[in-house]
Protein chains: 2
Amino acid sequence: MGLTAMRKNALSKQRIVEAAIEILDNEGESALTFRALATRLATGAGAIYWHVADKNELLSATTEHVVVPAITHSASEPGDAIRAIALGIFDTMDAHPWVGAHLSRAPSQTAILAIIERLGAQLLELEVPEKHLFSAGSALGNYILGVAGQNAANARLLPAGTDRVDFLTAVANEWSQLDADQYPFVRRVARQLAEHDDREQFLAGVDLILDGIANLPR
Amino acid sequence: MGLTAMRKNALSKQRIVEAAIEILDNEGESALTFRALATRLATGAGAIYWHVADKNELLSATTEHVVVPAITHSASEPGDAIRAIALGIFDTMDAHPWVGAHLSRAPSQTAILAIIERLGAQLLELEVPEKHLFSAGSALGNYILGVAGQNAANARLLPAGTDRVDFLTAVANEWSQLDADQYPFVRRVARQLAEHDDREQFLAGVDLILDGIANLPR
DNA sequence: ACCTGAACACCGTTCAAGT
DNA sequence: ACCTGAACACCGTTCAAGT
């Protein structure tokens with residue numbers, strides 16, 4: 001082991017990513033700047049670029065760091081395993097709202113590949129017909145990433161410190177006062193918006209897709 | 001009609017939104033700045049703020065402007081109507097990649113409300129049980145918005161002027177060279193990635209959800 | 001009422017200079 | 001090889017001053 005490895009507090013991608021996650025979790029997406037990150041790491045802004053190509057790579061790395069461990073499942077039945085993976089992602093986004101934002105907009109990425117692989121492996125177990133494998137996997141993936149994006153958007157909307165239930169109740173009130181001719185459906189489900197459980201709702205959507213997959217012609 | 005309304009070339013939200021859409025379509029998301037927009041409108045950057053609160057409102061307005069007309073359907077059967085609405089959104093995102101980006105990350109919005117309403121009205125026609133109305137609607141909506149986000153991300157990824165098929169073929173090649181133990185599913189569907197038709201794929205996902213909805217206990 | 005455009009308070013990123 | 005921090009080239013947004 002050379003001197004390099006022994007240097008105390010040496011910068012590394014690992015340390016940078018962990019510091020970035022702390023900022024994202026504690027102060028929100030908008031607080032993560034290279035300047036703030038450099039300050040926290042007691043270094044110059046430019047130093048970070050030695051270890052990380054740019055901000056996109058930084059966000060991808062933080063996302064992978066929290067998502068990949070969250071999608072290892074331990075269910076024996078493929079349907080349960082898919083539900084467990086989906087919930088793992090959901091709970092991660094709940095704990096780290098910035099994950100949803102990045103997942104739903106950033107390209108390629110190890111994280112998305114890992115998600116597709118975990119979900120897809122279970123589709124293989126389910127013996128989904130070969131020609132439907134890809135579309136079944138992408139339907140599940142797109143649904144989950146769609147929820148990710150909307151959750152992140154909602155988190156951004158919710159003024160810091162506002163109670164979630166109060167907020168939803170307020171939105172539900174707006175919905176129920178919309179024009180009855182133009183918005184019959186939205187008015188009708190307004191109360192369910194206020195009362196619904198995000199997590200259950202999310203799972204219900206996964207189940208709809210799983211049911212559709214189970215009914216695929218073989 | 002007063003003098004105000006007669007002034008030639010007077011700025012208006014309408015004119016601003018149309019100019020913004022032109023920039024977004026011709027030069028991409030990153031080209032839409034208040035300075036560029038002001039230059040195109042032959043005015044000062046600050047003038048825009050008299051008509052539009054901020055950039056978020058501007059993007060919401062442009063999104064509504066292209067999405068809302070795209071989701072009026074003309075099908076008699078509810079399932080067909082839902083497919084038509086979904087395809088309307090899909091084709092809009094295809095023509096205006098920036099729509100997907102904003103739809104999948106921005107909050108509230110008339111556009112999202114309109115989408116939910118159009119989809120939901122068809123669920124009422126399908127006589128989906130009351131207690132499943134909300135989750136069925138949000139499953140459809142989240143899936144569609146998920147695709148929106150991923151499509152936008154892909155469009156961003158694709159270097160300007162690159163052929164889509166070439167690009168997908170290249171990604172498929174990467175996928176098929178991944179570790180066989182770690183990525184069995186991704187390797188297996190790599191070829192389908194290169195050959196798939198985005199639009200068909202998208203519809204297949206809608207159909208999976210519709211099938212799940214049709215099977216809901218009553 | 002509406003428009004102008006300079007100014008403010010930021011960004012991400014680069015790069016010459018250090019160790 | 002790795003770090004420093006000033007500098008560059010931008011942003012969105014504000015606001016005093018104009019018409």
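To find a chain, count down the sequence lines: A is the first, B the second, and so on, and within it residues start at 1. These figures come from a predicted structure and were not determined experimentally.
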Taking NZ, NE, NH1 and NH2 as the nitrogens, is one of them in K13(A) or E18(A) under 4.0 Å from a carboxylate oxygen of the other?
no
What is the separation between atom CG on L41(B) and atom P on dG5(C), rounded to the nearest whole Å?
14 Å
Please name all residues satisfying side chain to side chain donor-acceptor pair (under 3.5 Å) with K55(A), sequence neighbours left out, ordered by chain then number.
none
Holding to side chain to side chain donor-acceptor pair (under 3.5 Å), I want the full list of residues that pass it with D25(B), two or more places apart in sequence or in another chain.
H96(B), W98(B)
One character per nucleotide, please: for nucleotides 10-19 of chain D, 5' to 3', B when the base has a protein heavy atom closer than 4.0 Å, S when only the sugar-phosphate does, - otherwise.
-BBBBB----
Residues that D166(A) engages under side chain to side chain donor-acceptor pair (under 3.5 Å), provided they are two or more places apart:
none
Which range-with-range stems can be found for DNA chain C when each stem has 3 or more Watson-Crick or G-U pairs in a row and both distances sit under 3.5 Å?
C:4-8 with D:12-16, C:12-16 with D:4-8
Check side-chain contact (heavy atoms from CB on, under 4.5 Å) between L145(B) and all other residues, then give those that pass, not counting sequence neighbours.
Q150(A), L103(B), I112(B)
Would you mind reading off the distance between W50(A) atom CH2 and dG5(D) atom P, rounded to a whole angstrom?
18 Å
Qualifying ring-ring contact (aromatic ring centres under 6.0 Å, His included) pairs with a residue from residues 173-199 of chain B, counting only residues at least two apart or across chains:
F134(A)-H196(B)
Considering only residues two or more places apart or on different chains, which pairs with a residue in residues 132-143 of chain A satisfy side-chain hydrogen bond (donor to acceptor under 3.5 Å, both in side chains)?
S138(A)-Q201(B)
I need the NZ-P distance between K13(B) and dC2(C), as an integer number of Å.
15 Å
Tell me the interatomic distance from L11(A), atom CG, to dC3(D), atom P, rounded to whole angstroms.
5 Å
Listed by chain and number, what are the side chain to side chain donor-acceptor pair (under 3.5 Å) partners of R188(B), not counting sequence neighbours?
E130(A)
